[in-house]
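Structure first, then comments.
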Amino acid sequence: MAAAEVSAVVVSDSDWSRLPDDMLIEVMRSLEIPDLLSAGAVCSSWRPAYTAVRRVRLPITDKSPCLLYSCDADADDDDVATPQQRRHLQAPPTRPRYTVGSGHGWIVTADELSNLQVINPLSGVQIDLPPVTELYNVESFTDEQGNLMYNNYEDSMPHRDDPLGFPVPYHPQRLRLFLYFRVILSCSPSAGSDCVVLLLHSPDGQLSFARIGDHCWTKCPIAANNFGISSSLYQLYH
């Protein structure tokens, strides 16, 4: 058997789950944060080494307050700060986006088409929420030049000619600045459909919601004499 064939057999028969912890720790120390998180999910036998490295490099829990920031508007990277230390991160795709909320280690942003996504700044995982046109008061159209535009029915009081009120046209990049007030997450989006996303938006603090994986927003009814909701907080009682 040729040497190349012997080498191929050895590699194919290797059990990577049996690598010694000291070797794993040495390798994981040199990984970028997203790669470190991916390595921790490879197999259960790697978890002790991953936990030991993460405890030192990124001591963040759900109860730890974190600040994600950049010192330079033109920089390609961000920093995340905790009460214990500061860590350098490869920037998530949030720079051209409008931030409308955060929770459980995730950030909620609106892209240049005013669609919402939840992003994990550590792992880089991104999950799309239902598109903006699935809100009851937003519709898309094209202008005379063929450009995408949105009509936002901002008036919450119904009119005889149009029960939604009068539409206000917006360029996609500007709609997000006036449509979204705040987003609240019931739990980590990694929980899938168990995570409920509450959205406060125009007109006048209307409340809509969707679960992770849904394709449309559901409008929550508000009493006729109510001028909307200014804030919201999700609390789970056991």
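Q173 and Y98 share no donor-acceptor pair across their side chains, judged by distance under 3.5 Å alone. For the residue pair S202/N152, the side-chain donor-acceptor check at 3.5 Å is satisfied. Inspection of the N137 and Q206 side chains reveals no N or O donor paired with an N or O acceptor under 3.5 Å.
Listed by chain and residue number, D21, L24, I25, M28 satisfy the side-chain contact (heavy atoms from CB on, under 4.5 Å) test with A49 (two or more places apart in sequence, or in another chain). Looking at residues two or more places apart in sequence or on another chain, you find no ring-ring contact (aromatic ring centres under 6.0 Å, His included) involving F141. Residues that satisfy the side-chain contact (heavy atoms from CB on, under 4.5 Å) test with D214, not counting sequence neighbours, are P130, A210, R211. For S190, the side-chain hydrogen bond (donor to acceptor under 3.5 Å, both in side chains) partners are S188, not counting sequence neighbours. In this structure D22 satisfies the side-chain hydrogen bond (donor to acceptor under 3.5 Å, both in side chains) test with no other residue, sequence neighbours excluded. Scored by the side-chain contact (heavy atoms from CB on, under 4.5 Å) test, E26 finds R29 as partners (sequence neighbours excluded).
S114 contributes a side-chain N or O that, together with a main-chain N or O of P172, makes up a donor-acceptor pair within less than 3.5 Å.
Summarising the geometry, atom OH belonging to Y150 is positioned 7.0 Å from atom CG belonging to L175; distances are rounded to the nearest 0.5 Å.
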task = Please step through side-chain contact (heavy atoms from CB on, under 4.5 Å) for the pair N151 and Y170, ending with a clear verdict.
result = CA-CA 6 Å; N151 273 331; Y170 283 98; over 6 Å; no
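Other residues, nucleotides and ligands contribute only 12 or fewer heavy atoms inside 6.0 Å of the CD atom of E144.
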